[in-house]
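What follows is one structure encoded as structure tokens, with my remarks underneath.
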Protein chains: 2
Amino acid sequence: MRTRQAVEVLATLGQETRLDVFRLLIQAGPAGLPAGEIAARLKIPLATLSFHLQHLKQARLAHSKKRGKLVIYSANFTTVDCLVGYLLHDCCGRPRTGLEVCGQAASESKAGAKSVSERADS
Amino acid sequence: MRTRQAVEVLATLGQETRLDVFRLLIQAGPAGLPAGEIAARLKIPLATLSFHLQHLKQARLAHSKKRGKLVIYSANFTTVDCLVGYLLHDCCGRPRTGLEVCGQAASESKAGAKSVSERADS
DNA sequence: CTTACGATTCTACAATACTAGAACCATGAG
DNA sequence: CTCATGGTTCTAGTATTGTAGAATCGTAAG
């Protein structure tokens with residue numbers, strides 16, 4: 001994960017309503033939740049929720065699929081793993097353990113490895 | 001770390017200038033850097049930098065000490081560890097590994113343990 | 001004491017983000 | 001086709017945040 005994307009993900013989660021939504025989606029697991037259900041549980045207007053859901057999608061923290069007339073949202077855990085990887089290694093120089101689960105799923109999968117930290121810029 | 005604090009830390013790092021400052025402080029290590037030096041390296045006005053440094057301090061991501069007429073800032077790595085812990089465990093339900101380095105240093109050290117995840121709220 | 005310099009605070013402006021009602025668009029049921 | 005329902009987009013108002021010049025404060029040297 002590059003710094004630019006990390007900023008986006010951090011800013012997205014650095015907002016109370018959005019973090020609430022995200023946590024709810026995490027709790028819901030892979031099955032996800034329809035938008036209306038999220039709005040009901042968190043007691044926020046659908047319009048407001050929709051605004052935040054687009055944000056979460058943009059940051060690849062959530063994705064949606066349609067089922068009938070419902071739009072089911074689910075959390076993208078991989079992006080959090082990538083963010084954690086960025087925070088520990090690229091940003092802060094901690095050695096990688098090899099247990100990281102990031103990689104392709106939430107990156108643009110351009111050039112492959114790029115082993116250790118030192119400039120994970122722009 | 002509680003959700004409230006996590007939001008603050010996430011929002012603080014979710015701003016390009018501030019993340020740049022923080023990364024520079026991390027690179028500088030425990031010795032830290034005087035404010036003027038940071039401003040010079042990042043090419044931002046001192047007033048703007050000061051604004052962001054107060055933010056970083058408020059979120060416990062940095063702290064300052066005076067040496068003569070200089071104010072030396074250094075990064076607080078522990079807070080990042082706590083944030084990572086929150087993201088993985090409290091927020092997202094991953095099992096704790098026992099390798100976490102969070103704990104007292106960057107928390108208000110109120111009541112002690114509170115072992116596993118499940119509601120790390122407000 | 002006076003001056004120089006590093007840093008913070010004051011202030012104001014610009015930009016961005018959050019909220020939510022209202023209008024609108026899809027989909028499935030009748 | 002028409003209607004009801006779930007969701008998004010439009011729109012606008014409010015609040016918050018980021019930027020940076022100018023004024024100010026604090027420390028150390030002359």
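The chains referred to below are lettered A, B, ... by the order of the sequence lines, with proteins before strands, and numbering in each begins at 1. Only a predicted model underlies this, so the values are computations on that prediction, with no experimental measurement involved.
One interatomic measurement links the two molecules: CG of B:L42 to P of D:dT19, which rounds to 12 Å at whole-angstrom precision. Residue B:D20 contributes atom CG, which lies 13 Å from atom P of D:dG18 at whole-angstrom precision. Residue A:I72 contributes atom CD1, which lies 11 Å from atom P of D:dT8 at whole-angstrom precision. Look at CG on B:L19: it is 17 Å from C1' on D:dT17, rounded to the nearest Å. Taking atom CD of residue B:Q15 and atom C1' of nucleotide D:dT16, one finds them 13 Å apart after rounding to whole Å. We find that CZ of A:F51 is positioned 14 Å from C1' of D:dA12, with the value rounded to whole Å. Between the CD atom of A:Q58 and the P atom of C:dA17 there is a distance of 11 Å, given to the nearest Å. Rounded to whole Å, the distance from NZ on A:K65 to P on D:dG7 is 14 Å.
Remark: the backbone N or O of A:I44 is not paired with any side-chain donor or acceptor of A:T48 at under 3.5 angstrom. A donor-acceptor pair is defined here as one N or O able to donate and one able to accept, closer than 3.5 Å; no such pair exists between the side chain of A:R18 and the backbone of A:L13.
In the set C:dA7, D:dT8, C:dG21, D:dT8 carries the atom at the smallest distance from any side-chain atom of A:Q54. Closest to the B:L70 side chain, of the nucleotides D:dT8, C:dG6, C:dT19, is C:dG6. Residue B:A47 places its side chain closer to D:dA22 than to any other of D:dA22, C:dA20, C:dT19. If you check C:dG21, D:dT8, C:dC18 against the side chain of A:V71, the one that comes closest is D:dT8.
Annotation for B:Q5 and B:R60: closest pair NE2-CD, 3.9 Å, computed over non-hydrogen atoms. In terms of heavy atoms, A:M1 sits closest to A:L83 at CE-N, 3.7 Å.
Nearest-nucleotide assignment on DNA chain C puts the 5′-proximal partner with A:R18, out of A:R18 and A:K66. The 5' end of DNA chain C is approached more closely, in terms of each residue's nearest nucleotide, by B:G36 than by the other of A:R67 and B:G36. In this structure, A:L53 and A:K69 both approach DNA chain D, and ranking their closest nucleotides by distance from the 5' end singles out A:K69.
OP1 or OP2 of C:dT19 sits under 4.0 Å from a side-chain N or O of A:T17. OP1 or OP2 of D:dT8 has at least one side-chain nitrogen or oxygen of A:Y73 nearer than 4.0 Å. The shortest distance between the side-chain N/O atoms of A:T48 and the OP1/OP2 oxygens of C:dA20 is below 4.0 Å. Contact annotation: A:H52 side-chain N/O to C:dA17 OP1/OP2 distance is not under 4.0 Å.
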>> Please determine whether side-chain contact (heavy atoms from CB on, under 4.5 Å) holds for the pair B:V80 and B:F22, giving the CA-CA distance in whole Å, both sets of side-chain angles, and the decisive distance to 0.1 Å.
In response: CA-CA 11 Å; B:V80 175; B:F22 184 71; 3.4 Å; yes

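Residue B:A35 is classed as a sugar-phosphate contact, given heavy-atom separations below 4.0 Å to backbone atoms only.
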